[in-house]
Student: 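Encoded as C-alpha cells, here's the structure I'll be asking about.
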Amino acid sequence: MSHAQVAPARPNRLRAWLPFLLIAPSVILLLSLVLYPLLFALKNSFYFWNLQRSAEPLQFIGLANYKMVLSGPEFLPSLTNTLILSVTGTIIEFALGLAVALLLANRLPGMSVSRALLILPTTIAPVVVGFLFRYMYDPAGGLAGWLLTLIGAPPPAEGILGSSTTALAAILFADVWQWTPFFAIVLYAGLLSVSPSLIEAARLDGASAWTMLWRIKLPLVMKTAVIIIILRFMQLFNTFDLVLVLTKGGPGLSSRTLGYTLYQQGLVDFNIGLASASTWIIVIMVNILVTLYAAIAFKNWEW
Amino acid sequence: MATLSIQNVAKNYGEIKALANVSIDVADGEVLVLVGPSGCGKSTLLRMIAGLEELTGGQMVLGGRDVSYVDPKDRDVAMVFQNYALYPHMTVFQNMAFGLEQRRLAKDVIKAKVMDAARILDLTHLVDRKPGALSGGQRQRVAMGRAIVRNPAIYLMDEPLSNLDAKLRVQMRAELKLLREKLGVTTVYVTHDQVEAMTLGDRVAVLAPYSDKIGSNLQQVDTPHKLYEEPRNIFVAGFIGSPAMNFFKAQIARKGNGLIATIEGTDIAFNLTEAAHPHLSALAGYAGKSVVMGIRPEFFDAPSGAPGRHPVDLDILVSEIVGPDAFLHFDLPTPTVKAEFSRSNDSDEAGLNGARFSARIATEKLTGEAGMISLEVNVAKLHFFDETSTLRIAT
C-alpha cells in the first residue's frame, strides 16, 4: 500500500513541470537571441562606444546618440526611402500577387507548372538576387537597359543604378520580382480555402466578377492577407542586402535605407553606441507602425 | 413564381453518364422533391436547374423561358445550400441584403424586404450578428431568408435540413411546410430522407443511379401517396417506406378462380382472389412462373382473424421496440432477391439462413420478443413485380 502512495508522486512532479520543460528551449533561445541583444543595445545606446577607439564603452552620454541619429544628414533621406520602399513594395507585391493568385485559381492549362516555377525567385538568397539584377542593370550591356531602350524609355546615361532618379526604383523592382510570388502562393492557398458553395451562392445572388472579388473573395482571404502584409512590411522596412549589393545607398543618399545606415554606423564606422541608438529608433518606429496597422486590420475580426 | 419544365436533361462527365433522359414538369407553386440514394444525380439535377452545372443534353424551361444556357445570375432562382453557404464576414442582415444589392434596389426597399423576411423567420433580433455567432437552426433560417427576400421564380433546396440534429430537423421540417404554405412559391427540394420527401413534397421524383436497362435516372414521379401505394418498380418500392419493403421470390399458380403465390423454399402461400385484387388478370399471365412479391413490414399484424388476412407463423430472431411500434426481424429459407433489383438501402441485409425480413406491428400487440410468433399478412396489400423488367404488375 505504501509504495502505491509514494510511486505516483514522481510522475506527478514531472507532469507539473513538463509544460515549462517543453517551452524552455524556445524561451531560452528567444531570451538569448532577441531580448539580450536588444537590452544590450539599449544600454549601449546611452554610451559613447566606438570600436576603433576602444573595446569597451567609453562614457555614458545620455541621449546624445539619439540626438545625433535624428539630426544626422542621412536620417531623414533614409527614413523617406525606407518608407517609400516598404509601403509601395508591400502594396505592389500584394496587388500583383493577388492578380497572379486569381489567375492560378482558374484551372487554365499549364497552371500546375507555373505554380511550381513561381516559387523559385523566393527561394534565392536576396544577395544573389542583388547580383543578378546588378548584371541586368549594368549600363554596359545589361538586359534591363537594352529592354528599356527597346520600348522607347532609355535609362539615364549614368545607368539605372547610377542615377538618383532610378536607383531606388531599381531596388524596389528587384524586391518585387523576388517577393511577388510569395504573396501569390499564400493568397492562392487562401483562395483555395474559400468554400466553393460561397462562390456559387454569390453567383446565384447575381454578383458580378468584380463584386465577387471585392465583397466575397477578398474579405475571405483577408485574414491571410493581413498577416503576410505585416510580415513583408517588416522585412521591407529592414531592407539592407539588396541596397548593399546594388547601390550601397547611392548615388548620394538617393537609395539609402535605414537598414543600410545602421550597417554603415555599426559595421563600417564601428560606432556601436550610434548604431544601437539607430536600432532602437527603428524598433520603436516599426512597433508603432505595426500596432497602428494591427489596430485597424484586426478590428471587427470576430468571425 | 413560375413553372419549370425539365426536358430530357442529360449530364455526362466524360464517359460517365451521371444523368440521362430526365423529364419532369413542375407546376406553378408546386413543391417537387427529388429523392434517391447517393449517386443518383439528384443534387446534380438541382444544380443544373440553378445553372451551376452545364447541361450536356436536353432543355431547362423556367417560366416559359428556355434557360438551358443562361447564366445562374440571370435565371431568377434562389438556392438554399446544404452547408447554408452564408457569407461569414457579413451580418445576417448583409447576408440577406447581398442579393438585393446586386439587383440595385433602393436602400430603404432592401431594408424593408430584409426586415420582412427576418420577421417571417423570427430572425429580427439576430440581424446584426454574424453567422459564426448563430446556432445551426438559426443559420438554416438565415439561408432560407436569403432565398425568400429575393422573391425568385423558383426555390432550390439542396438537403437543407441534413446538417441539423434529429430533433431540430423535425421542427424545421414543420416550419418549412408552414413557410411554403405562406409563400406558395415553386420549389425543387433535394433530400435523401424519405420522410422529408413524403411530408414536404406535393409530388416526389425518385431517382436512381443511371443504368442502361431503364435508360433514365428517373424511376417515378408521383404524389407521395401514389408512390407508396403503387410503386412503379422494385427500386421505388424498396426505396419508399421504412423499414424497407420485404421482397420474396414467389411462384404463381392457378387455384380455382384465383391464384396462389407461394414463397419459394417455404410453405407460405397466399390465396389471391378477385375480391381483394380487382386486376388479377395481369398476374394470371405469370401462372407457372415466378415473380417478385413485396410485403411492406407494416402490413404484418397480430392475428385478428379479419377477412383477407393470411396467418403466418414466423421464427422471430430479434425485436426492436421503438415506442409504439416494434420491428420484428426474421429469416426465411428463401433465395434473396438480388440487391441490384431493390437497392433499397446501402446494405444488403442477407441473413445466414436465406434472407432476412422485417415486420412492423404495434408494440402493445406483441406477444413475445423472439421465437415463434403468430402473425397475419394483409393479402390485399401484397405487391407483385416482374422479375426481369422489375416493373410492378398491377393487381
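First the proteins, then the strands, lettered A, B, ... as listed; each starts at 1. Here the structure is a predicted model, which is why all the values come from computation and not from measurement. Side chains included, hydrogens not; waters and symmetry mates left out as well; all remaining heavy atoms used.
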Student: For Ala78(B), is it the side chain, the backbone, both or neither that has a heavy atom under 4.5 Å from a heavy atom of chain A?
Tutor: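 Nothing of Ala78(B), per the 4.5 Å heavy-atom cut-off to chain A.
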Student: In terms of heavy-atom proximity below 4.5 Å to chain A, should Leu86(B) be classed as side chain, backbone, both, or neither?
Tutor: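 When you check distances to chain A, only backbone atoms of Leu86(B) fall under 4.5 Å.
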Student: Show the nearest heavy-atom pair for residues Pro219(A) and His89(B), with the distance to one decimal.
Tutor: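 Looks like CB-CD2, 3.2 Å.
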Student: Under the criterion salt bridge (charged side-chain N to carboxylate O under 4.0 Å, His left out), which of Arg150(B), Arg75(B), Lys73(B) is the partner of Asp205(A)?
Tutor: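 Exactly one option meets the salt bridge (charged side-chain N to carboxylate O under 4.0 Å, His left out) with Asp205(A), and it is Arg150(B).
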Student: For Glu101(B), is it the side chain, the backbone, both, or neither that has a heavy atom closer than 4.5 Å to a heavy atom of chain A?
Tutor: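 It is the side chain, since no backbone atom gets that close.
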Student: Is atom CZ of Phe173(A) surrounded by more than 12 heavy atoms (other residues, nucleotides or ligands) closer than 6.0 Å?
Tutor: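 For Phe173(A), atom CZ is not crowded (no more than 12 foreign heavy atoms under 6.0 Å).
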Student: Working to the nearest 0.5 Å, report the span between CZ of Arg203(A) and CE of Met79(B).
Tutor: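 Rounded to the nearest 0.5 Å, the CZ-CE separation comes out at 11.0 Å.
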Student: If you compare all heavy atoms of Ala50(B) against all heavy atoms of Leu204(A), which two are closest, and at what distance to 0.1 Å?
Tutor: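 Here Ala50(B) and Leu204(A) meet closest at O-CD2, 3.6 Å.
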Student: So for atom CD, which belongs to Glu181(B), do other residues, nucleotides or ligands contribute more than 12 heavy atoms lying within a distance under 6.0 Å?
Tutor: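 It does: Glu181(B) CD has more than 12 such atoms within range.
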Student: Counting only heavy atoms closer than 4.5 Å, note whether Tyr87(B) contacts chain A via side chain, backbone, both or neither.
Tutor: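 Interface part for Tyr87(B): both.
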Student: How close do Gly206(A) and Gln102(B) get, counting heavy atoms only, and between which atoms?
Tutor: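 Answer, listing the atom of Gly206(A) first, then Gln102(B): O-CB, 3.6 Å.
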Student: Does a side-chain heavy-atom distance below 4.5 Å link Ile216(A) with Met90(B)?
Tutor: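 Sidechains of Met90(B) and Ile216(A): in contact.
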Student: Report yes if the side chains of Arg47(B) and Glu200(A) come closer than 4.5 Å at any heavy-atom pair, otherwise no.
Tutor: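 Side-chain contact under 4.5 Å: yes.
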Student: Evaluate whether atom CZ of Phe20(A) has more than 12 neighbouring non-hydrogen atoms of other residues, nucleotides or ligands under 6.0 angstrom away.
Tutor: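 No - once you tally the heavy atoms of other residues, nucleotides and ligands closer than 6.0 Å, there are 12 at most.
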Student: Just checking Lys177(B): does its NZ atom have more than 12 heavy atoms from other residues, nucleotides or ligands closer to it than 6.0 angstrom?
Tutor: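 Correct, the count exceeds 12.
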